[in-house]
Each structure stands twice: as C-alpha cells, then as structure tokens.
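Everything numeric here is computed off the predicted structure, so don't read it as measured data.
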Protein chains: 2
Amino acid sequence: MRTMSRPVGLPVLAESDLVRQVARRLTDAIVQGRLPPGAKVAEAAVARELGISRAPVREAARLLESQGLLEASPRRGFFVRELSARDVDELYALRLCVERHAAVEAARRLTPEARDALRRQLDLMRDLARRDDPATIVEADYQFHRLICEAAGNARLLRLFDGLASELRIVIGLIGHLYDDPDEIARTHEPVLAAIEAGHPERIVAHVDHHIGVARREVVRLLEGLAPQSPASHSQTPESP
Amino acid sequence: MRTMSRPVGLPVLAESDLVRQVARRLTDAIVQGRLPPGAKVAEAAVARELGISRAPVREAARLLESQGLLEASPRRGFFVRELSARDVDELYALRLCVERHAAVEAARRLTPEARDALRRQLDLMRDLARRDDPATIVEADYQFHRLICEAAGNARLLRLFDGLASELRIVIGLIGHLYDDPDEIARTHEPVLAAIEAGHPERIVAHVDHHIGVARREVVRLLEGLAPQSPASHSQTPESP
DNA sequence: CAAGCCAAAAGTGTCGACAATCGACGCCTA
DNA sequence: TAGGCGTCGATTGTCGACACTTTTGGCTTG
C-alpha cells in the first residue's frame with residue numbers, strides 16, 4: 001500500500017517523460033507551420049536534433065498519429081497530415097455538433113466562476129483584437145471555445161474538442177489571420193456568451209450555429225482557393241436547423 | 001509516372017505491422033474481460049507471451065492509451081482504464097450527441113445501399129436475438145449504430161464513434177447480456193431506422209434520444225450497483241463468473 | 001504481533017545495433 | 001532517347017541491453 005512516508009517534496013516533476021516533450025515539440029512545429037502539411041517526419045533526424053534516441057520519437061509520433069496530426073505510412077515513415085477542404089469541412093461539422101452540445105450543457109450548469117472566466121476571456125479577445133496579433137488572437141479564440149466546453153462539465157467532451165481543434169490547427173496556422181476586421185471576433189463571440197448566460201437552448205444553438213458556420217465557410221473557402229487540387233464533389237450542403 | 005495500368009486489384013497484403021497486431025490483441029483481451037479494469041499491462045509479460053520484443057508492445061500501449069483503453073502511469077506502467085459510473089454517463093452523453101447528428105445526416109443522404117445495409121443488420125439482430133448469444137448480439141448492436149455513422153458520410157464522425165464505443169466496450173464486456181428480453185433489441189432499434197427512412201429530423205432525434213437514453217440509464221444503473229464507488233481498485237478480480 | 005526498514009527482484013525508460021525494405025540513381029537495352 | 005532493371009544509400013521495424021525506479025518480500029525492532 002501507499003505509505004507515502006516521503007515529505008511533500010515531490011512536485012511530480014517527472015521530467016523523465018521524453019515522449020510527452022517530443023510530442024509537444026512536434027505539435028508546436030506543426031501548428032506553427034514549421035512542419036507544413038505533407039512534410040516527412042524522419043525519426044532519425046528528429047532524434048538527432050533533440051539529442052535523444054529514436055524510441056521516444058517513434059512513440060511520440062504514434063501519439064500524434066492517433067490525434068490526427070501525423071499520418072503513418074508503413075515502411076515509409078510519418079508525414080504531417082494533409083487536410084483537404086473536405087477534411088476541414090468534416091471537422092467543422094463535428095465541431096458544430098460538439099459545441100452545440102457543450103454550449104447548451106454549459107448554460108444548464110453555469111457556475112459564477114465559469115461565467116466570469118468566459119467574460120474575462122471575451123474581454124481579453126477584445127483587447128487583443130485592438131493590437132492585431134493574429135497568432136495570439138487565434139489562441140484566445142481557441143481558449144474561449146475551450147472554456148465553454150470546460151463549463152459543460154464533461155471531461156471527455158473537452159478531450160474531444162481538443163482533438164478536433166488540434167487537427168484544425170494544422171491549417172489554421174497556415175491561414176494566418178482569419179479575421180479581417182479586428183472587432184469581428186468580439187462581435188461574433190459576444191452573442192454566444194450572451195445566449196449562454198440567458199440560458200435559452202434555442203438561442204444558444206442558433207448563435208453557435210451562426211458563429212461556427214461563418215468560420216466554417218470562411219476557412220473552407222480560403223482552403224479551396226489555396227489548394228484547388230481536389231475538385232472531388234464535396235458539396236456538403238449546409239445543414240439546416 | 002502513370003504506368004499504373006492496373007486500377008485496383010489490391011489484395012491488401014499481409015500486414016507486417018506488429019504494432020497493429022499487438023494493439024488488436026490487447027483490445028480484444030480488454031473487451032472480452034480477460035484484462036479487467038485496473039489490471040496492469042506489463043510490457044515484458046506481453047512481449048514474452050507474444051514472442052516479440054518490448055518496443056512494439058510499448059507503441060501499441062500508447063495507441064490504446066490515446067483511445068482511452070489504457071492509462072499510463074509514469075514509471076509504473078500501463079493499466080486497463082477503470083470507468084466509474086460517471087465516466088460511463090459522460091460517454092453516453094457524447095454518444096447521444098454524436099449519434100443524433102449521425103442519424104440526421106444519414107437520413108439526409110441515405111443511399112439505397114446504406115438503407116439496405118441497415119435493414120439487413122436489423123434482420124441479423126432479430127435473428128441473433130432468438131439464439132440468445134449475448135456477445136454476438138452486442139457486436140451486432142454496435143455494428144448497427146456504426147452503420148448509421150457510416151451513412152452520415154463523415155469519416156471523422158465514424159472515428160469519433162469508434163473511439164467512444166471502444167471505451168464503452170471496457171464495461172460492456174463486463175456487464176455481459178444487457179438485454180433481458182431477446183426481442184427488445186429489435187424493438188428499440190426498429191423505430192430508429194424507420195425514422196431515418198422517413199427522414200423527419202425531429203422524429204429521428206426523438207427516437208435516438210429514447211433508444212440511447214434507455215441504454216444509458218440501464219448501463220449506469222448496472223454499473224452503480226456493481227461498483228459502489230469503491231476506491232479499492234486492485235483486488236477486484238472479477239474474472240470468475 | 002504490527003510497523004518500519006533494507007535488500008533483492010521486477011519493470012520501465014532509454015539507448016545503440018542490425019536486418020529488411022523502400023526510394024533513387026545510374027546502367028543497360030531496344 | 002526512352003524505358004526497364006539492378007544496385008546503393010537511407011530509413012524503418014524490431015531487438016537485446018543497461019541504468020534507474022518501483023515494488024515486493026523478508027528481517028529487524030518496538
């Protein structure tokens with residue numbers, strides 16, 4: 001049994017976990033665009049660069065594969081996932097599905113703390129919008145949506161959201177600044193939070209649908225213009241509420 | 001070069017990928033209950049038993065960890081995930097969210113092939129229900145729901161469903177036969193398919209809600225009765241029925 | 001007899017190595 | 001010159017080994 005005789009001196013730093021560190025480094029490199037879609041991730045090269053052996057790199061790569069960031073091609077190695085416009089559209093469809101649920105749940109069990117956190121995040125976004133720092137705004141945007149999922153009180157929902165978001169980050173990083181009008185980001189998020197605070201499920205769904213639908217169409221459009229290589233019929237008709 | 005005269009004749013060559021095989025074996029062992037929740041999965045033991053080295057086992061374990069089947073405890077190894085009643089409830093909440101969306105989408109773009117596949121699966125379940133083979137019925141049940149997600153035409157949705165389902169399988173395997181009345185399984189699924197065929201979103205959502213809600217309450221109730229929030233995890237040993 | 005401590009055993013985290021396989025380059029042949 | 005074939009280098013898949021950590025079992029001690 002756990003005697004736990006040791007004093008409180010163990011801050012569980014556990015730096016021995018190379019896998020997590022490598023996974024993080026690779027993830028950063030991908031979302032920052034230093035490893036563009038399609039790029040090969042050679043185990044030996046990564047291991048050499050980090051001064052470690054290949055084993056942790058392999059395991060980290062498997063982790064990222066399961067998250068959809070990398071793609072494993074047997075006997076050929078790992079590659080940064082390439083997302084077609086259709087892929088992104090699929091991801092947004094799921095985000096919509098997940099965030100609808102999250103927002104409604106968040107409203108049902110909204111604590112004052114969660115409410116304040118959302119308000120603060122919105123203020124932060126307004127602030128950042130004035131300074132026009134694309135990368136930071138995208139991060140704040142992500143955090144706002146993540147806070148909603150947190151407020152829903154379902155740990156798996158949050159994990160699910162993180163998974164979808166991390167896949168989307170592959171392309172978000174490429175696109176750069178998504179919002180032309182710096183105030184738009186606050187204008188589009190404000191009604192969502194207001195609806196959650198008001199607690200009307202229909203209004204919540206409507207506003208979430210609108211907000212994510214706008215982003216969805218925007219990103220898909222940008223992506224289609226960027227890589228018009230796949231004219232495969234992805235005519236995903238917008239879902240009607 | 002486009003000397004690729006043969007379009008598609010792919011015999012799907014034998015997978016020499018040990019990692020996938022190990023992952024599959026471990027998954028089977030978990031869902032069949034041979035590796036009960038909380039059980040330690042020792043790399044060396046697994047490697048010995050399979051006659052391979054530890055490296056592929058480690059990678060497979062990481063894979064299963066990302067799927068939520070295993071839990072990694074640094075410096076201590078991998079353990080089969082223990083699901084509380086709350087965990088299962090969370091999973092069902094997400095299943096509901098996902099399957100609602102899947103069913104509505106499936107109805108919107110229902111092809112005759114998908115419709116037939118669903119019909120056949122329902123017939124199969126009716127057939128199996130008469131023979132009373134719990135494990136097979138659970139599998140057929142799973143396949144029915146999976147077919148709906150397939151029909152939704154969103155590959156990621158399917159992956160998502162598989163992830164949720166695989167986590168749930170940890171406990172489904174323990175519970176054994178979920179349905180007391182052998183005909184119930186057909187009775188509860190029939191209206192869902194009928195609603196999808198009819199194509200009325202409200203009816204679809206209502207029936208999916210009802211069907212999954214029933215299963216959810218049932219499983220959560222069973223699980224709460226089975227393990228009344230006991231933190232004494234190790235010596236559970238429910239191997240002998 | 002219980003609790004605590006110490007040593008041995010088992011297991012993980014990481015490494016370097018080796019064979020098998022893939023892609024590329026160059027050579028040979030029409 | 002174009003296309004097919006064999007060889008070479010590079011990379012992956014897998015293995016065995018080693019250091020360090022955790023666990024276990026016994027032994028001492030109160």
Is [X] salt-bridged to [Y], cutoff N-O under 4.0 Å?
| X | Y | answer |
| --- | --- | --- |
| A:Glu59 | A:Arg62 | no |
| A:Arg81 | A:Glu65 | no |
| A:Glu139 | A:Arg169 | yes |

Length of the line joining [X]:[atom1] and [N]:[atom2], which is rounded to integer Å:
| X | N | atom1 | atom2 | answer |
| --- | --- | --- | --- | --- |
| B:Glu59 | C:dT12 | CD | P | 15 Å |
| B:Phe79 | C:dG11 | CZ | P | 12 Å |
| B:Leu18 | C:dT21 | CG | P | 13 Å |

Distances under 3.5 Å between protein N/O atoms and the N/O atoms of nucleotides 7-12 of chain D, please, pair by pair.
{"residue": "D:dT12", "atom": "OP1", "partner": "A:Lys40", "partner atom": "NZ", "Å": "3.4"}

Q: Specify whether B:His189 and B:Phe144 have parallel, tilted or perpendicular ring planes, treating 30° as the upper limit for parallel and 60° as the lower limit for perpendicular.
A: perpendicular
Q.
So if I take residues 61-72 of chain A and measure heavy-atom distances to DNA chain C, which residues fall below 4.0 Å?
A. none
Q: Considering non-hydrogen atoms only, spot the tightest contact between A:Glu224 and A:Ala85 and give its length.
A: CG-CB, 3.5 Å
Q: Under the ring-ring contact (aromatic ring centres under 6.0 Å, His included) rule, collect the residues that match up with A:Phe79, sequence neighbours excluded.
A: none
Q. B:Asp162 and B:Tyr142: side-chain donor and acceptor closer than 3.5 Å?
A. yes
Q | CZ (A:Arg146) with more than 12 external heavy atoms under 6.0 Å | A | yes
